[in-house]
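Right, one structure below, let's go through it.
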Amino acid sequence: MTMSKDPVVQFGVFYALLFPGVFGFVPSPTNVSVVCHNFVNVLFWNYSNPTEQLKFSVMVKPYVSASQTVDTSQTYLDISSYSRDADDDYFVFVTAHDGQEKSENVSIRFTYSKDYFNENTHKYKCSLNFPAVNTSVHKDVIEVSFQHIFLLHKQDILNEEFKYTITHDEQKVLYSCFVEEELCTAEIHFNQSVAGQCVELKLEGMIAGIPSYTYRNVCVPQQTPETDKTGIIAALLGGGTIVLFIIIGFVWLLWRKWSKIPKMPQGLWCVISRQSHTMLVSQPEPTDICPVTSQGPPSSPTEEACKTVSTLDDTVVDLSEVSEEDMDCEDSEGFGRLSDYDRPKFLQEMSPGDCTEGYGPRPPVL
């Protein structure tokens with residue numbers, strides 16, 4: 001078939017190609033894509049020839065339920081509310097409308113479910129965020145812990161075994177956990193040569209065919225050499241033993257010294273207690289040291305020097321101050337001698353615990 005050489009026909013074809021809307025030709029959207037992550041699904045597309053009356057029609061068709069259609073003038077649309085079931089498979093069609101004219105639709109397919117995913121028919125595979133990871137370093141071990149992914153998203157499709165791998169130093173180790181365990185944990189052993197450096201952990205998970213992954217940098221502190229405490233413990237035990245022996249020896253010496261002190265007889269205790277009681281209760285009687293002589297011629301000066309000396313309750317007589325003349329007077333005249341009743345009293349132990357009073361010998365006169 002050859003194209004007509006009529007200039008009018010040629011101009012009409014050229015104009016139709018230049019302005020397709022006039023002849024009912026509306027271009028289709030391009031670069032249609034979907035971002036489906038954490039059960040939030042947003043559709044994007046491009047359009048090269050927008051007009052004032054341009055609108056887009058988006059139809060979401062689940063595999064097991066009825067389809068829904070939404071119109072918009074934007075080049076993106078959040079279709080999360082139309083694709084709530086994570087177990088389903090979704091077809092999405094986008095059509096451009098310019099007035100009464102419309103373009104051919106463009107479709108894509110996406111799913112969260114492993115039962116529907118096919119690399120040949122599905123251009124997009126939805127994913128989930130890996131749960132927040134907590135790490136701690138103890139000696140040569142990195143401890144990793146995080147919540148089960150079901151507790152983060154609350155989707156029934158996730159209520160099953162969560163398998164995950166941790167890659168460190170080109171070594172990948174597989175782990176798994178269930179919802180009942182609350183926390184998923186792992187221990188990664190590292191070489192002491194990385195002390196003081198940061199290491200990268202790559203965590204990849206898979207649940208219900210939905211992938212998730214994250215990276216975590218863990219800085220390993222410089223390990224301080226541990227001091228051998230055996231010597232310290234031995235020194236403390238030895239020092240404590242020496243101190244204990246010193247205390248025991250000191251107590252033993254005190255006991256020996258105390259045991260050598262003679263015990264006071266029981267009778268002496270009785271005498272001391274009775275004397276103390278007598279001194280507090282009894283009052284001393286006045287004693288005539290040099291009484292007045294009988295009638296006769298006037299006494300000599302020597303005799304006049306003799307005076308009556310009395311001992312009062314609160315007076316003490318010092319016999320050393322008595323002159324020799326007084327003593328001669330007393331001896332010559334024969335006066336001033338004390339009777340047996342004037343002798344001092346004392347306590348005498350008759351039997352153990354039994355004491356009685358007696359009169360002792362007259363004290364010498366100096």
May I ask you to decide if [Y]'s main-chain N or O and [X]'s side chain share a donor-acceptor pair within less than 3.5 Å?
{"X": "Glu160", "Y": "Ala208", "answer": "yes"}
{"X": "Asn31", "Y": "Asn46", "answer": "no"}
{"X": "Tyr82", "Y": "Met59", "answer": "no"}
{"X": "Asn38", "Y": "Val40", "answer": "no"}
{"X": "His37", "Y": "Ser127", "answer": "yes"}

Exercise: identify the closest heavy-atom pair between [X] and [Y]:
{"X": "Tyr90", "Y": "Arg84", "answer": "OH-N, 3.7 Å"}
{"X": "Val94", "Y": "Pro29", "answer": "CG1-CG, 3.8 Å"}
{"X": "Pro62", "Y": "Asp88", "answer": "CB-OD2, 3.3 Å"}
{"X": "Ile108", "Y": "Ser33", "answer": "CD1-C, 4.0 Å"}
{"X": "Met206", "Y": "Phe162", "answer": "N-CE1, 3.6 Å"}
{"X": "Thr135", "Y": "Arg216", "answer": "OG1-NH2, 4.0 Å"}

Distance check, rounded to the nearest 0.5 Å: [X] atom [atom1] versus [Y] atom [atom2]?
{"X": "Thr51", "Y": "Asp98", "atom1": "OG1", "atom2": "CG", "value": "3.5 Å"}
{"X": "Asp140", "Y": "Glu187", "atom1": "CG", "atom2": "CD", "value": "10.0 Å"}
{"X": "Ile248", "Y": "Leu253", "atom1": "CD1", "atom2": "CG", "value": "12.0 Å"}
{"X": "Asn129", "Y": "Phe39", "atom1": "CG", "atom2": "CZ", "value": "11.0 Å"}
{"X": "Phe110", "Y": "Ser83", "atom1": "CZ", "atom2": "OG", "value": "4.0 Å"}
{"X": "Leu183", "Y": "Asn134", "atom1": "CG", "atom2": "CG", "value": "8.0 Å"}

Sorted by first residue and then second, give each salt bridge (Lys or Arg N to Asp or Glu O under 4.0 Å) pair with at least one member in residues 48-75; sequence neighbours left out. none
Under 6.0 Å from the OH atom of Tyr47, do we count more than 12 heavy atoms belonging to anything else shown? yes
Mark yes when over 12 heavy atoms from residues, nucleotides or ligands other than Gln53 sit less than 6.0 Å from its CD; otherwise mark no. no
Hphob cluster co-occupancy, [X] + [Y], side-chain heavy atoms under 4.5 angstrom:
{"X": "Leu152", "Y": "Val133", "answer": "no"}
{"X": "Phe190", "Y": "Leu201", "answer": "yes"}
{"X": "Val220", "Y": "Ile188", "answer": "yes"}
{"X": "Leu203", "Y": "Val173", "answer": "yes"}
{"X": "Leu77", "Y": "Val42", "answer": "no"}

Got [X] and [Y] here, is their nearest side-chain heavy-atom distance under 4.5 Å?
{"X": "Pro221", "Y": "Val137", "result": "yes"}
{"X": "Lys172", "Y": "Thr167", "result": "yes"}
{"X": "Thr30", "Y": "Val106", "result": "no"}
{"X": "Tyr112", "Y": "Asn41", "result": "yes"}
{"X": "Ser212", "Y": "Ile207", "result": "no"}
{"X": "Val92", "Y": "Trp45", "result": "no"}
{"X": "Val35", "Y": "Phe44", "result": "yes"}

Leu43 vs Val32, side chain to side chain contact (heavy atoms under 4.5 Å, CB included): CA-CA, chis, key distance, verdict: CA-CA 7 Å; Leu43 190 68; Val32 179; 4.0 Å; yes
ring-ring contact (aromatic ring centres under 6.0 Å, His included) partners of Phe146, counting only residues at least two apart: Phe130, Tyr164
Please lay out, stage by stage, how Ile142 and Val199 fare under the test side chain to side chain contact (heavy atoms under 4.5 Å, CB included). CA-CA 10 Å; Ile142 300 176; Val199 298; 3.8 Å; yes
Tyr63 vs Asp85, test: side-chain hydrogen bond (donor to acceptor under 3.5 Å, both in side chains). Steps then yes/no. CA-CA 11 Å; Tyr63 185 81; Asp85 190 357; over 6 Å; no
Step by step, work out the side chain to side chain contact (heavy atoms under 4.5 Å, CB included) result for His138 and Glu143. CA-CA 8 Å; His138 301 282; Glu143 294 184 356; 3.5 Å; yes
Check against side chain to side chain contact (heavy atoms under 4.5 Å, CB included), Leu158 and Leu128: CA-CA 11 Å; Leu158 305 179; Leu128 299 173; 3.8 Å; yes
For Glu104 and Ser28, run side-chain hydrogen bond (donor to acceptor under 3.5 Å, both in side chains): C-alpha distance rounded to whole Å, both residues' side-chain angles, the deciding distance at 0.1 Å, then the answer. CA-CA 6 Å; Glu104 295 183 358; Ser28 299; 5.0 Å; no
